[in-house]
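To start, the structure itself, in structure tokens.
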2 protein chains.
Amino acid sequence: MARKRGRYHHGDLREALIDAAVELIGERGVRGFSLAEASRRLGVATSAPYAHFADRDELVAAVAVRACRRFRAQLVRGSSEPRNPADRLAAMARAYVRFAGTQRALFEALFSSGLDKRRYPELKAAEQPIDDAFQECVSALSNGTSPEELADAVEAAAHGHATLLLDGSFGEGYRAVELAAERAARVTLAIVESRRLLTPGR
Amino acid sequence: MARKRGRYHHGDLREALIDAAVELIGERGVRGFSLAEASRRLGVATSAPYAHFADRDELVAAVAVRACRRFRAQLVRGSSEPRNPADRLAAMARAYVRFAGTQRALFEALFSSGLDKRRYPELKAAEQPIDDAFQECVSALSNGTSPEELADAVEAAAHGHATLLLDGSFGEGYRAVELAAERAARVTLAIVESRRLLTPGR
DNA sequence: GTCTATATCCCGATAGAC
DNA sequence: GTCTATCGGGATATAGAC
């Protein structure tokens with residue numbers, strides 16, 4: 001835990017770099033993030049990171065992997081209290097948007113990094129639990145639709161609200177986050193109620 | 001229209017730069033776009049663009065403005081044929097996703113550029129007609145909800161499908177685009193049907 | 001409006017010492 | 001595992017000629 005102190009890292013530089021990356025992305029966005037500046041912040045040589053990451057993108061991918069875990073945790077926690085399935089799903093959508101609004105850097109690393117995810121199988125693997133969380137939450141009310149389609153629909157709706165929130169469409173600040181989250185929750189309830197329309201094939 | 005020909009531009013370099021930017025963004029994403037390379041493609045000096053744009057971001061913003069116009073046109077065209085309001089709205093959501101899938105570069109310039117839109121009032125102005133298109137389409141069925149909330153909900157749902165599509169969540173290629181577009185259209189119908197849930201206040 | 005030339009800066013990545 | 005040193009590349013932006 002000797003971060004930002006001396007010139008030498010006897011701790012876990014790998015973890016420290018991920019922390020620094022999150023900070024930097026939070027301040028300037030993924031676009032303005034560089035390996036060199038992360039090193040400077042930690043007081044290590046710009047070559048030091050290469051002992052832990054093959055290149056810049058690999059560090060960003062590591063941030064994304066961490067994001068997946070936190071994200072899933074927040075989704076599960078946020079949706080645990082309501083009793084009935086529809087409300088749980090709506091709470092999950094709300095948690096989804098709140099995560100984007102409050103953990104902007106992590107959300108960006110996950111969805112706005114411009115990374116080619118096909119090149120990072122571990123990231124793909126880390127994303128799966130997020131989908132799974134929706135699936136689980138949905139399984140109790142799949143009557144009338146395939147669970148996959150309902151889960152995907154809700155996830156997409158939440159995702160849309162989240163990204164538009166980060167784009168400024170809901171305004172700025174705490175109020176904007178809550179507004180977007182609430183909207184996403186309501187849309188979720190609407191989708192659930194009319195879920196039979198999601199699979200018109202039958 | 002003497003693009004890519006000689007060394008000197010007697011035409012409209014400003015427009016040519018926007019064209020080149022669209023091409024480049026399409027090939028490497030916004031992230032990998034540079035003013036310098038756009039110049040190189042056109043065979044002009046790297047300093048030439050500065051006669052038309054203050055900096056790199058201003059060119060990207062110009063691309064985004066063009067994107068707004070095309071986007072709106074496609075939304076309006078795509079949603080003009082169905083007779084009843086709900087189907088029109090669903091068609092608009094479908095067109096939204098198709099635009100993202102087929103005009104990737106323009107969609108990225110608009111939503112994944114990392115631009116601070118507050119700095120580009122003309123861009124804000126150019127975005128308005130897109131919201132308006134949804135508003136108009138929604139006005140015929142606002143019974144039970146405020147038109148704004150219904151329009152925003154559908155827009156967010158479409159946007160979520162669009163961004164997840166570009167992220168690869170629906171797979172790659174033509175099939176993926178149509179799948180995502182169809183899903184967005186169905187979700188729209190579900191939202192419309194249960195739209196009274198969007199405004200629980202009353 | 002465009003060119004040539006240039007200044008500056010930053011970044012990614014590697015080599016070799018400790 | 002980290003440092004020093006360095007190479008090579010590319011980008012932004014300006015100055016001044018045509």
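Both backbone and side-chain heavy atoms feed into the values below; hydrogens, waters and symmetry mates do not. Quick note on labels: first sequence line is chain A, next is B, and so on, each numbered from 1.
- Going from atom CG of B:Leu59 over to atom C1' of D:dT12 covers 13 Å, rounded to whole Å.
- Taking atom CZ of B:Arg40 as the reference point, atom C1' of C:dC3 lies 16 Å away to the nearest angstrom.
- As judged by a 4.0 angstrom heavy-atom cut-off over every strand, B:Ala45 is placed among the base-contacting residues.
- At least one donor-acceptor pair under 3.5 Å links the side chain of A:Arg195 to the backbone N or O of A:Val192.
- Distances shorter than 4.0 Å separate none of the side-chain N or O atoms of B:Arg14 from OP1 or OP2 on C:dG1.
- Taking side-chain N and O atoms only, A:Ser34 has a distance below 4.0 Å to OP1 or OP2 of C:dC11.
- Listed for the A:Ser194 side chain is no donor-acceptor partner under 3.5 Å among the backbone atoms of A:Leu197.
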### Message
Across nucleotides 13-18 of chain D, 5' to 3', mark each nucleotide with B, S or - according to how protein heavy atoms within less than 4.0 Å reach it.
### Response
BB----

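- Counting heavy atoms of neighbouring residues, nucleotides and ligands inside a 6.0 Å radius, atom CD of A:Glu27 exceeds 12 of them.
- Nearest heavy atoms, A:Asp131 versus A:Glu155: OD1-OE2, 2.8 Å.
- Rounded to an integer number of Å, the gap from CD of B:Glu37 to P of D:dT12 is 10 Å.
- Nucleic acid contact class of B:Ala51 (heavy atoms, under 4.0 Å, all strands): base.
- Aromatic rings of B:Tyr96 and B:His161 (six-membered ring for Trp) have centroids beyond the 6.0 Å cut-off, not under it.
- Side-chain contact between B:Ile18 and B:Leu59 is present, with heavy atoms from C-beta onward closer than 4.5 Å.
- Between the P atom of D:dA11 and the CZ atom of B:Arg31 lies a distance of 14 Å, rounded to the nearest Å.
- Atom C1' of nucleotide C:dG1 and atom CD of B:Glu15 are separated by 16 Å, given to the nearest angstrom.
- Comparing D:dC3, C:dC11, D:dG1 by their nearest atom to the side chain of A:His52 picks out D:dG1.
- In this structure, CG of B:Leu42 is placed 15 Å from C1' of C:dC3, rounded to the nearest angstrom.
- In this structure, the side chain of A:Glu58 engages the main chain of A:Ala54 through a donor-acceptor pair within 3.5 Å.
- Computed from coordinates, the A:Phe53 CZ to D:dG1 P distance equals 12 Å when rounded to whole Å.
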